[in-house]
Amino acid sequence: MEEWCESMPKVELHAHLNGSIRVSTLLELAKALNETQRDAINFSQMKHVIKKKALSLTEVFHMFDLIHNVITDHSIVTRITKEVIEDFASDNVVYLELRTTPKRNDSIGMSKRSYVDAVIEGLKSVSSVDVDFIPKTEDSRSFISDKCNGNSRKRIIVRLILSIDRRETTEAAMETVKLALEMRHFGVVGIDLSGNPKTGDWTTYLPALKFAREQGLKVTLHCGEIKNPKEIKNMLDFHPQRIGHACFFEDEHWKMMKSSKTPVEICLTSNIRTFSVPSIDVHHFAYLYEEKHPLVLCTDDTCVFTTSLSKEYKYAADSFGLGKWDMLELSRNAVEHIFADNGVKNDLRKYFNSVSKNME
Ligand code: 6MZ
């Protein structure tokens with residue numbers, strides 16, 4: 001099963017760039033920073049957190065602050081983007097929606113725009129695999145069809161989602177949405193709301209999220225990571241294209257979700273390791289899967305949770321008694337919920353069809 005989950009093509013729709021930084025890179029950058037600026041980072045604390053099996057949400061968000069501290073210039077943003085793409089491609093992810101929060105940091109001359117430019121540089125700089133990130137015109141050659149035709153180089157389609165951090169103001173959230181609109185020709189397809197769920201208020205981000213939707217961007221929301229029934233209801237009332245997590249849902253929320261058929265990005269390891277779900281046998285994956293509700297297995301943060309998309313599939317198979325073909329079907333179904341255009345969707349459908357024939 002492990003080999004099967006590794007070798008089958010996969011679709012990743014919920015991966016945060018900085019949370020997916022390579023562990024070796026994180027340690028290398030932290031060590032270097034520790035040598036030049038002793039106060040900038042607590043290296044031993046970082047090593048300790050990386051090794052921990054279970055992390056409270058507070059510890060997870062502290063970890064993100066530690067990671068953000070090592071991102072001291074644009075070239076590091078470019079490097080980590082490049083490596084994250086390479087890592088997903090080597091795990092046989094054929095379509096990746098990578099999300100990241102555009103960051104302004106005046107002390108290093110970084111604006112939200114220059115941050116996203118550095119991410120795009122990272123996409124361009126991958127050389128070990130072929131990366132498709134520029135949306136094509138309807139009649140252009142299919143990227144993934146080359147793969148069906150026996151091209152042996154690994155290929156990955158990447159689209160970007162810009163995240164609004166819950167610590168941000170309405171103005172900052174709006175700036176991110178405007179940036180996403182400007183960067184559509186570089187494959188930005190949507191907006192995400194994320195960050196510490198204990199922070200901020202839904203009404204702060206609503207104007208920017210509404211604007212994003214009006215302008216044709218897709219929206220996904222971190223929803224129900226903690227118990228907050230009112231916010232969950234407001235988020236579901238907004239009708240986002242997808243939601244992430246859905247851990248603290250009550251009957252009323254499940255009802256709303258079922259009638260709207262909103263796809264759920266499921267991050268098993270993340271939910272278990274942060275205690276958002278007490279144990280895997282009570283994870284809502286089982287309920288949603290049985291109900292045939294649209295769902296997609298995702299990693300969240302491969303570095304922070306020491307996981308990969310193959311591992312998430314293996315975890316689901318082992319925990320819920322699913323077979324190899326169930327896994328491939330789950331992966332294929334994810335294609336229906338991507339934010340990229342129908343051209344990409346059709347190519348991926350064809351690709352999965354040809355792969356499943358070959359795997360028979
Ligand atoms: C909520 C999360 C998250 O944007 O700097 N992030 N937000 N819940 C989660 N699950 C535990 N995992 C990651 O990537 C890191 C940022 O993504 C959000 C947080 O805002 C975190 O700072 P970027 O690339």
Side-chain angles (χ1 to χ4, degrees), residues 12-22 25-26 29 49 52 54-72 74 76-85 87-88 96-105 110 112 115-116 118-120 122-123 158 160-168 172-173 176 179-180 188 190-200 202 204-205 220-226 228 231-232 235 242-248 264-277 298-307 312:
E12 169 65 82
L13 302 185
H14 187 133
H16 299 269
L17 172 60
N18 282 281
S20 308
I21 184 173
R22 248 182 221 165
T25 301
L26 176 61
L29 295 171
V49 177
K52 274 187 89 170
L55 295 164
S56 68
L57 270 183
T58 307
E59 283 174 307
V60 165
F61 285 96
H62 180 56
M63 180 69 182
F64 290 130
D65 290 340
L66 293 175
I67 296 174
H68 291 147
N69 278 346
V70 307
I71 313 294
T72 49
H74 293 91
I76 297 178
V77 176
T78 299
R79 173 181 172 182
I80 66 167
T81 307
K82 175 178 179 278
E83 292 176 351
V84 166
I85 306 293
D87 292 348
F88 275 109
L96 163 68
E97 271 171 25
L98 186 62
R99 57 184 77 188
T100 193
T101 321
K103 292 164 190 67
R104 180 178 158 186
N105 183 345
M110 186 181 276
K112 285 188 181 224
Y115 176 89
V116 176
V119 169
I120 289 165
L123 298 179
V158 181
L160 296 174
I161 295 177
L162 301 190
S163 301
I164 295 169
D165 187 312
R166 296 182 61 112
R167 286 176 291 198
E168 290 184 298
T176 296
L179 184 56
V188 175
I191 291 290
D192 157 56
L193 174 67
S194 53
N196 192 335
K198 293 175 189 157
T199 315
W202 168 245
T204 309
Y205 331 111
T220 176
L221 305 173
H222 280 61
C223 178
E225 265 190 298
I226 57 168
N228 188 344
E231 183 182 85
I232 296 172
M235 286 185 167
R242 298 196 307 250
I243 59 160
H245 299 297
C247 300
F248 285 85
V264 188
E265 303 152 357
I266 296 272
C267 309
L268 294 173
T269 305
S270 160
N271 295 160
I272 297 302
R273 288 192 63 188
T274 57
F275 310 105
S276 301
V277 173
C298 304
T299 54
D300 209 7
D301 302 284
T302 51
C303 170
V304 178
F305 301 117
T306 334
T307 190
E312 292 304 303

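Start at 1 and go down the list; that is how both ligands and their atoms are numbered. Every heavy atom of this structure was used, including side-chain atoms; hydrogens, water molecules and symmetry mates were not.
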### Message
Under a 4.0 Å threshold between the charged nitrogen and the carboxylate oxygen, would Glu225 count as salt-bridged to Arg166?
### Response
no
#### Entry: For Phe61, ring pair (Phe, Tyr, Trp, His ring centres under 6.0 Å) partners two or more places apart
Phe64
### Task
Could you tell me whether the side chain of Glu265 reaches within less than 4.5 Å of the side chain of Glu97, counting heavy atoms only?
no
Expected rows: ligand 1 N/O, protein N/O, dist below 3.5 Å:
{"from": "ligand 1", "atom 1": "4 (O)", "to": "Thr101", "atom 2": "N", "distance (Å)": "2.8"}
{"from": "ligand 1", "atom 1": "4 (O)", "to": "Thr101", "atom 2": "OG1", "distance (Å)": "2.5"}
{"from": "ligand 1", "atom 1": "5 (O)", "to": "Asn18", "atom 2": "ND2", "distance (Å)": "2.9"}
{"from": "ligand 1", "atom 1": "5 (O)", "to": "His68", "atom 2": "NE2", "distance (Å)": "2.7"}
{"from": "ligand 1", "atom 1": "5 (O)", "to": "Lys103", "atom 2": "NZ", "distance (Å)": "2.7"}
{"from": "ligand 1", "atom 1": "7 (N)", "to": "Gly195", "atom 2": "N", "distance (Å)": "3.0"}
{"from": "ligand 1", "atom 1": "8 (N)", "to": "Glu225", "atom 2": "OE1", "distance (Å)": "2.9"}
{"from": "ligand 1", "atom 1": "8 (N)", "to": "Glu225", "atom 2": "OE2", "distance (Å)": "2.9"}
{"from": "ligand 1", "atom 1": "10 (N)", "to": "Glu225", "atom 2": "OE2", "distance (Å)": "3.1"}
{"from": "ligand 1", "atom 1": "10 (N)", "to": "Asp300", "atom 2": "OD2", "distance (Å)": "3.0"}
{"from": "ligand 1", "atom 1": "12 (N)", "to": "Asp301", "atom 2": "OD1", "distance (Å)": "3.4"}
{"from": "ligand 1", "atom 1": "12 (N)", "to": "Asp301", "atom 2": "OD2", "distance (Å)": "2.8"}
{"from": "ligand 1", "atom 1": "17 (O)", "to": "His16", "atom 2": "ND1", "distance (Å)": "3.0"}
{"from": "ligand 1", "atom 1": "24 (O)", "to": "Asn18", "atom 2": "N", "distance (Å)": "2.9"}
{"from": "ligand 1", "atom 1": "24 (O)", "to": "Asn18", "atom 2": "ND2", "distance (Å)": "2.8"}
{"from": "ligand 1", "atom 1": "24 (O)", "to": "Thr100", "atom 2": "OG1", "distance (Å)": "2.6"}

### Task
Heavy atoms only: give me the nearest Lys112-Glu168 pair and the separation to one decimal.
NZ-OE2, 2.7 Å
### Query
Can a donor-acceptor pair be found between the side chains of Thr306 and Arg273 at a distance below 3.5 Å?
yes
### Sub-4.5 Å side-chain heavy-atom contact between Cys298 and Glu312
no
